[in-house]
Amino acid sequence: MSEPLGPPWGWRGPDAGRAAHVEPAPEFQATTSQVCGLYPFTAGSGTPTVGTPVGRHQLWGEVVCLDPLAWLRAGLVTNPGMFVLGQPGTGKSTLVKRLVTGAVATGTTPIVLGDTKPDYTRLVDYLGGQVIRVGRGVDRINPLDAGPLDEARRRLAGADADALWWEIRSRRLSLLLALATLVREARITNAEEVVLGRAIDLLDDRLDHEPTIPDVLHILEQGPDELRSATRTDTSGSYRAQTRDLVFTLDLLISGSLAGVFDAATTRPLDLNAPAISVDISRVRAAGDKLLTAAMLCTWAYAFGMVDAATALADLHAAPRRSYLGVMDELWRALRGAPGLVEHADALTRLNRAKGMASIMITHSLADLDALATEEDRAKAKGFADRSAITVLAGLPPRELARIHEITPLTGPEQQLVTSWSAPDSWQPGARHPGRGKYLIKTGERLGIPVELSLVGPEADLYDTDQAIRATA
């Protein structure tokens, strides 16, 4: 039994230690800037309670909520970008899956922009969403498909219609240049970009359907007068010499290692009325990084185009206004394919706030971005983390935290905490990794929020990324 608790002034009786009077402790008031060093006699402010519950605060047990869009609406952050970093196996995708589940519950449509493993397919199926499986013999994506964006353009007139037409043209040309850069492993020349732009214009005038890459190749090989004029050539021979490399590059897109994926009309358009969407590109992974990168780029461009279309239709009061959560996992795979691809991804994601779309970018380490071809690409890739108002850190080694500190300031105790999650301290089989389900949420100069996530209900099964390994064992 526990000892009985004595009265405030002590027990009555001889030698009982009773005090006749207890002097109250002195009390002082000051700002947090003045008394911040009086640890542990100060406590932080309450944790955010808007968004999806992602766990409890590791120090005082409060429930912590996180949602880039909800935080933006509440004025907690200035943009809905989120960057997640952590070693493999620390639970990055588990946190993101919790956010995807919460987004569906609150009416936001999550779009997994290229599920490479796949990690999210079972969850999206469970939530009643749409799963598109891209690969040879299954679903195809037409990189030049404007989707509902073209429908919105046809409903407009005058300057608004012209502005949307230029947006569609820009998207088509930008993605075509990115794919051509990928297969060529070098940048497309200025002259070739002019020719491709003119070819897209001609197809838009001549076709009654969405143009495809084979259509672009066909009109380049025909060499009509408009394209000859664009190349500043007078004869058929000089035109063919000028466009020879470009023709072979486009041919590689439809007959080389990328054949059967991007060379026809889109087979299954994204259904933005679905509760959640996952574009599963795991089937192209075995074909190598080049095809995987192409699939990710096409997925990003197509999905962002669909979101733009939905926004344009909402502006016309022809569709309800929705919010979206874009998940970009294994970010580094799509960026390292060829020089210049970072610029394309940067252009796609820069204006997400105006579209009502949050983005979550996930990678293992900032060192992944060092594999990019040029210093310009590396600087732009670093900008993805710079522009993200929310940074979430799972277990990471000290050398990685030193680099992150250059982007997101980390205190000494914060760095020690994240480092303590990076490696197990036991060799015993079955020991739990110390960083599994633990995250530090950082926003600007604020002190980080250390969170521990606990799975509930069917989450343990739906969020499990190691099922294949255990099954073979």
Taking every heavy atom of Leu253 against every heavy atom of Ala180, the minimum-distance pair comes out as CD1-N, 4.4 Å
Please report the shortest heavy-atom distance between Pro397 and Ser422, naming the atom on each side.
N-CB, 4.0 Å
Test item: Asn79 side-chain N/O and Ala389 main-chain N/O as donor-acceptor pair under 3.5 Å:
yes
Between Lys442 and Pro409, is there a donor-acceptor pair closer than 3.5 Å when you use the side chain of the first and the backbone of the second?
yes
With sequence neighbours left out, the residues meeting side-chain hydrogen bond (donor to acceptor under 3.5 Å, both in side chains) with Thr419 are none
Rounding to 0.5 Å, atoms CG (Leu99) and SG (Cys65) come to a distance of 10.5 Å
Intermediate values then yes/no, salt bridge (charged side-chain N to carboxylate O under 4.0 Å, His left out), Asp461 and Arg122:
CA-CA 10 Å; Asp461 177 56; Arg122 292 182 65 243; 2.8 Å; yes
Is a side-chain N or O of Asp115 found less than 3.5 angstrom from the main chain of Tyr120, in a donor-acceptor match?
yes
Ser282 vs Asp280, side-chain hydrogen bond (donor to acceptor under 3.5 Å, both in side chains): CA-CA, chis, key distance, verdict:
CA-CA 6 Å; Ser282 59; Asp280 180 352; 2.6 Å; yes
Verify, without hydrogens or angle tests, whether Gln58 (side chain) and Val451 (backbone) share a donor-acceptor contact under 3.5 angstrom.
yes
Do Leu455 and Thr94 touch side chain to side chain, with heavy atoms closer than 4.5 Å?
yes
Backbone N or O of Gly102 within a donor-acceptor pair of the Thr106 side chain at under 3.5 Å?
yes
Is there a donor-acceptor pair under 3.5 Å between the side chain of Arg283 and the backbone N or O of Gly137?
no
Where is the tightest heavy-atom contact between Lys92 and Ile362, given as atom of each residue plus distance?
CE-CG2, 3.9 Å
What distance separates Phe83 CZ from Asp386 CG, expressed to the nearest 0.5 Å?
9.5 Å
side-chain hydrogen bond (donor to acceptor under 3.5 Å, both in side chains) involving Asn273 - partner list, sequence neighbours excluded
Arg322
Tell me the closest heavy-atom pair linking Leu113 and Met328, and the distance in Å.
CD1-CG, 3.7 Å
Below 4.5 Å, heavy atoms only, C-beta onward: do Thr116 and Met296 meet side chain to side chain?
yes
Quick check: do Thr109 and Val307 have side-chain heavy atoms less than 4.5 Å from each other?
no
Tell me whether Arg436 contacts the main-chain N or O of Gly89 through its side chain, where contact means a donor paired with an acceptor under 3.5 Å.
yes
Mind listing the closest non-hydrogen atom pair of Tyr463 and Leu123 along with its distance?
CE2-CD1, 4.0 Å
Applying side-chain hydrogen bond (donor to acceptor under 3.5 Å, both in side chains), name anything that partners Glu210, two or more places apart in sequence or on another chain.
Arg172
Please examine the side chains of Asp263 and Ile213, heavy atoms only from C-beta on, and report whether any two atoms are closer than 4.5 Å.
no
For a 4.5 angstrom cut-off between non-hydrogen side-chain atoms, does Leu76 reach Thr443?
no
Taking His405 for the side chain and Leu410 for the main chain, is one N or O donor matched with an acceptor at less than 3.5 Å?
yes
Heavy-atom side-chain contact between Thr101 and Thr52 under 4.5 Å:
no
Would the distance check show the side chain of Gln130 and the main-chain N or O of Pro269 forming a donor-acceptor pair, the cut-off being under 3.5 Å?
yes
Nearest heavy-atom pair of Ser323 and Leu69: which atoms, and what distance?
CB-CD1, 3.7 Å
Side chain Trp71, main chain Val50, donor-acceptor under 3.5 Å:
yes
With a 4.5 Å cut-off on side-chain heavy atoms, are Thr121 and Arg133 touching?
yes
Just so I know, are the side chains of Met361 and Asp329 near enough to count as touching, which here means a heavy-atom distance under 4.5 Å?
no
